[in-house]
Amino acid sequence: MQPTVTETAAQAVQARNRIKGHIYQTPVIPSRKNNDSNGTRLFFKAENFQLTGSFKLRGAMSKMSAQSSNNAERLITASSGNHGIGAAFAAHALSRNLTVVLPETVVPAKLKKIESYGVDVILHGAETGLAEQHAQKLAASGEYSYISPYNDPDIVAGQGTIGLEILEQCPQVDNIFISMGGGGLVSGIGSVCKAFNPKTRIFGVSAINSMALAESMRAGKVVETEHLDTLAEAVAGGMDEDSITLPLATSVVDEVIECSEDDIIQALKTIAFDENMIVEGSAALALAGYSKVADRVAGQTSVIVLCGANFDQQRLIRIIFG
C-alpha cells in the first residue's frame, strides 16, 4: 500500500525510537562563508559524519529493527555502496544474515567497508540498477528476503529521521536542499518537513547524468533513463516500477534542480576550500543545487544535506587538487 506523507512522517517518529541507540545524531553546522548581515543563513546537515559515513545507515537500521529478529532468515539487498555499508553495519549489529549485491564499478573503498562487516558480497552489472535487478531475481527464488535501498516504507522512514533532527536543530529553516537518487532520502525528509513544518521548501537536486527520479516525476510515472558516469555515483541508477518514492517525492518536492558534472566538481572544491570538509560527489550535488538558486533564497535560512563522505580517495584528490 502506498504510504501517505503524514503516515511516512509518523513512521519516521517510530523509526527514530528504534534506531537512536545505533546511529549518531549528526550536527547542523553553519557555513563559514555563506552567512551575511542581510539575513542569509546557510547550514550543513552533516550526514558525512554518520557512523558509516552516509545517511544510509538510518534506513537500513530502521528496516532491520522493524523486522522480526529471525537470525536464520537470509536477507539480500543491492547498493551502489553506501546503502550496502549501512545495511552491513546494521546486519552486524543485529546479528542478521545478509548478502549485498554491488555493481562491478563499486568504489573500492566502499567494497572494503562492506566486506569488513562479514556479510556476503556479490558483484554484478555495470551500474546499480542491474545490481538491484539481480538481487530481486535471487530473492524471487525464495532463498532470500529482499531489502530495497529506497522502495520500502521502513527505509524511507529511517531517512526521514534526518528531517526530525533538522526541525529540532534549525526550527526556522526555510529551504532544504537534498540530492535525489532512488528517492528515499528526499521522500523521507520531505514527508517529515511537510507534515510538521509545511512552509519549508524542499529542493530536490538531480545529477544530469543520472536522472531517473527527476524524469519520472516529470512524466508522472517511472521511466527508463540513460545513466552516464557521474561523480554523484551514490545517487545514480534506476527505480522500481512500483516505487513508493515517486508519489511521495512528487508530493513533497517543491522544485527540482539539475546539475552537471562541472557543477559537482565546483561544489566539491567549495566544500573543501571554503568549508574545510571533504565529501563525496552525491553530497556536493546538494550544494551545487543551492549555488544555482542562491540569489533566489538570499535572506532566508537554508540547510544543505551532506548525505555522505565515502569517496574514492585518489579520484577525489585529482579532482580537488589536480
Side-chain angles (χ1 to χ4, degrees), residues 31 33-34 42 44-45 47-48 54-55 80-82 103 105-107 110 126-129 150 175-186 201-219 223-239 245 249-250 253-275 277-298 302-322:
S31 170
K33 295 285 186 178
N34 290 279
L42 178 65
F44 297 101
K45 178 56 171 169
E47 284 297 292
N48 49 311
S54 162
F55 76 96
S80 62
N82 283 340
T105 53
V106 62
V107 173
K110 293 183 178 182
E127 50 96 1
T128 309
Y150 55 88
N175 313 293
I176 303 179
F177 292 80
I178 307 166
S179 299
M180 298 199 314
L185 182 63
V186 75
R201 285 177 56 80
I202 303 297
F203 289 84
V205 189
S206 179
I208 289 173
N209 279 10
S210 189
M211 292 184 58
L213 180 55
E215 293 287 6
S216 296
M217 290 171 66
R218 187 176 292 128
V223 296
E224 291 288 335
T225 56
E226 184 179 17
H227 300 288
L228 304 175
D229 184 46
T230 176
L231 288 165
E233 42 79 26
V235 294
M239 298 175 63
T245 57
T250 301
V253 173
D254 294 286
E255 184 175 337
V256 174
I257 306 170
E258 300 172 7
C259 294
S260 69
E261 294 304 293
D262 286 342
D263 294 331
I264 299 171
I265 289 172
Q266 184 55 53
L268 282 167
K269 292 180 178 180
T270 297
I271 293 177
F273 298 132
D274 291 351
E275 307 295 346
M277 287 188 284
I278 304 294
V279 298
E280 62 187 52
S282 57
L285 175 62
L287 173 58
Y290 169 82
S291 299
K292 282 184 172 289
V293 299
D295 290 344
R296 281 204 278 131
V297 298
S302 299
V303 172
I304 294 170
V305 178
L306 297 180
C307 56
N310 293 319
F311 47 80
D312 184 328
Q313 192 172 84
Q314 292 306 313
R315 188 182 190 191
L316 205 62
I317 287 172
R318 289 193 300 271
I319 291 166
I320 296 176
F321 302 104

Closest heavy-atom contact between [X] and [Y]?
{"X": "K269", "Y": "I319", "answer": "CE-O, 3.2 Å"}
{"X": "V256", "Y": "A214", "answer": "CG1-CB, 4.0 Å"}
{"X": "I264", "Y": "A232", "answer": "CD1-CB, 4.1 Å"}
{"X": "D263", "Y": "E258", "answer": "OD2-O, 4.5 Å"}
{"X": "S216", "Y": "M239", "answer": "OG-SD, 4.1 Å"}
{"X": "P103", "Y": "S80", "answer": "CD-CA, 4.1 Å"}

At what distance, to the nearest 0.5 angstrom, does [atom1] of [X] lie from [atom2] of [Y]?
{"X": "R218", "Y": "M211", "atom1": "CZ", "atom2": "CE", "value": "5.0 Å"}
{"X": "L287", "Y": "S302", "atom1": "CG", "atom2": "OG", "value": "11.5 Å"}
{"X": "F311", "Y": "I317", "atom1": "CZ", "atom2": "CD1", "value": "8.0 Å"}
{"X": "I178", "Y": "L306", "atom1": "CD1", "atom2": "CG", "value": "12.0 Å"}
{"X": "I304", "Y": "L42", "atom1": "CD1", "atom2": "CG", "value": "4.5 Å"}

Applying side chain to side chain contact (heavy atoms under 4.5 Å, CB included) to V235 and L185, what does each step give before you reach the verdict? CA-CA 10 Å; V235 294; L185 182 63; over 6 Å; no
Given side chains that start at C-beta, do those of [X] and [Y] come closer than 4.5 Å, heavy atoms only?
{"X": "V297", "Y": "Y290", "result": "yes"}
{"X": "V293", "Y": "E255", "result": "yes"}
{"X": "Q266", "Y": "S291", "result": "no"}
{"X": "I320", "Y": "I278", "result": "yes"}
{"X": "E261", "Y": "T230", "result": "yes"}
{"X": "F55", "Y": "V305", "result": "no"}
{"X": "E280", "Y": "N82", "result": "yes"}
{"X": "I265", "Y": "L231", "result": "yes"}

* Could you please spell out the steps behind the side chain to side chain contact (heavy atoms under 4.5 Å, CB included) verdict for V205 and C259? => CA-CA 7 Å; V205 189; C259 294; 3.7 Å; yes
[X] side chain to [Y] main-chain N or O, any donor-acceptor pair under 3.5 Å?
{"X": "N209", "Y": "D229", "answer": "yes"}
{"X": "T245", "Y": "G182", "answer": "yes"}
{"X": "T105", "Y": "A126", "answer": "yes"}
{"X": "S179", "Y": "S282", "answer": "yes"}

- Run the salt-bridge test on K110 and E233 with the 4.0 Å N-O cut-off and return the result as yes or no.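 Result for this pair is yes, salt bridge flagged.
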| So, are R296 and D254 salt-bridged, with charged N and O less than 4.0 Å apart? |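 No, this pair does not count.
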Are E275 and S31 close enough that a side-chain donor and a side-chain acceptor fall under 3.5 Å?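 The criterion, which ignores hydrogens and geometry beyond distance, is satisfied for S31 and E275.
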Only one of E215, E127, H227 passes side-chain hydrogen bond (donor to acceptor under 3.5 Å, both in side chains) with S210; say which it is.
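Of all the options given, the one that passes is H227.
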For F273 and F321, take the angle between the two ring planes, folded into 0 to 90°, and tell me which bin it lands in: parallel under 30, tilted 30 to 60, perpendicular over 60.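 Correct class here is perpendicular.
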